[in-house]
2 protein chains.
Amino acid sequence: MTNQNNEITYSIGELAKEFDITPRSIRFYEEQDLLSPERTGQTRIYCNKDRVRLKLILRGKRLGFSLAEIKNLFELYDSNANSMLQLQAMLQMTEQKRAILRQQLDDIQMLMNELDEVEKRCRDELADLQKRGS
Amino acid sequence: MTNQNNEITYSIGELAKEFDITPRSIRFYEEQDLLSPERTGQTRIYCNKDRVRLKLILRGKRLGFSLAEIKNLFELYDSNANSMLQLQAMLQMTEQKRAILRQQLDDIQMLMNELDEVEKRCRDELADLQKRGS
DNA sequence: CCTAACCCTAACGTTAACGTAAATCAATTT
DNA sequence: AAATTGATTTACGTTAACGTTAGGGTTAGG
């Protein structure tokens, strides 16, 4: 559907289906102040900006951020931060997040290496079994 | 300390301090069958293999795996899987994990880009403020 | 002998992120 | 008109991963 400005809009059910989550989750994110869709009467109407935000929430979750942390990132991102202090606090936060992400990259690298080894061992054993079997 | 084979061993407190977690957590991992240290009477004695496993547990957690999933990975890794079926199931699991890790790498890349932008905006604003201030 | 610093078990408490059920309302479809 | 479909609120239930007492045992030092 489209709204009065001819923008595309979505119902809660549509977004739930698209991202494979339940409407309950989406309402919960709103309850936690991560979303604030328009309403028509009682019914929630999501615009494209809301949809992008939802996508960001889910990405954050995949990375192991809590909803509270995600909210912080949003506030950090949205705030038209104007005081020096706020800006510096913000830079500090981004640096913290960056450190976590770097750690995760390391972890993933190690884990992938280990998976490689496991897989190799498996393939060897499989080849072995097939030799004997034939 | 060392055990009868002259291997290095650790108390629960030592490991807790080294990895910056509580003894309670370590005991909990044991309760979930992720660790099984020796005992001297009631007291737990951890060998180097246990220590490595603990390190793996924590790495898994950082990547957002549940303890149950980590246990699965261990069983997958430990099992002297000898039947074709087991081996193939194993390869399937590693592929699944790999997909998740790839997704996380993508997510991290995007998030880092976004952090870059936020940071850049911040630095610009900061420079701006300093110009006016001087 | 007393205290401090470790270790132990058992069991109840807590937080995050929803799930689920009940009761209701509005718009279509049959 | 009745039924289906999808929306709403309210509120209690659930799971994971520990935290937090409570109660008790053991060794080293003063």
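Predicted, not measured: the structure shown is a model, and the values here were computed from it.
The pair A:Lys55-B:Glu114 does not meet the salt-bridge criterion, since no charged nitrogen lies less than 4.0 angstrom from a carboxylate oxygen.
The side chain of B:Tyr29 places an N or O atom within less than 4.0 Å of a non-bridging phosphate oxygen (OP1 or OP2) of D:dC18. In this structure, A:Ser11 does not reach the D:dG6 phosphate: none of its side-chain N or O atoms is under 4.0 Å from OP1 or OP2. Under 4.0 angstrom from either OP1 or OP2 of D:dT8 there lies at least one side-chain N or O belonging to A:Arg44.
Put simply, CG on A:Leu67 is 9 Å from C1' on C:dC18, counting in whole angstrom units. Computed from coordinates, the B:Arg24 CZ to C:dT14 P distance equals 15 Å when rounded to whole Å. When rounded to the nearest whole Å, the span between CD1 of A:Ile26 and P of D:dG6 equals 15 Å. Taking atom OH of B:Tyr10 as the reference point, atom P of C:dC7 lies 15 Å away to the nearest angstrom. Look at CD on B:Glu69: it is 11 Å from P on D:dA16, rounded to the nearest Å. Atom pair B:Phe65:CZ and D:dT15:P shows a separation of 23 Å (rounding to whole Å applied).
Not one N or O on the side chain of B:Arg44 forms a donor-acceptor pair closer than 3.5 Å with the backbone of B:Ser11. Side chain of B:Gln130 to backbone of B:Ala127: no donor-acceptor contact under 3.5 angstrom is found.
With a 6.0 Å radius and a threshold of 12 heavy atoms from other residues, nucleotides or ligands, A:Glu38 has its CD atom at or below the threshold.
Picking from D:dC18, C:dA17, D:dT9 the nucleotide with the shortest atom distance to the side chain of B:Ser25 gives D:dC18.
Comparing B:Arg39 and A:Lys61 by the nucleotide of DNA chain C whose heavy atom lies nearest to each, the residue mapping closer to the 5' end is B:Arg39.
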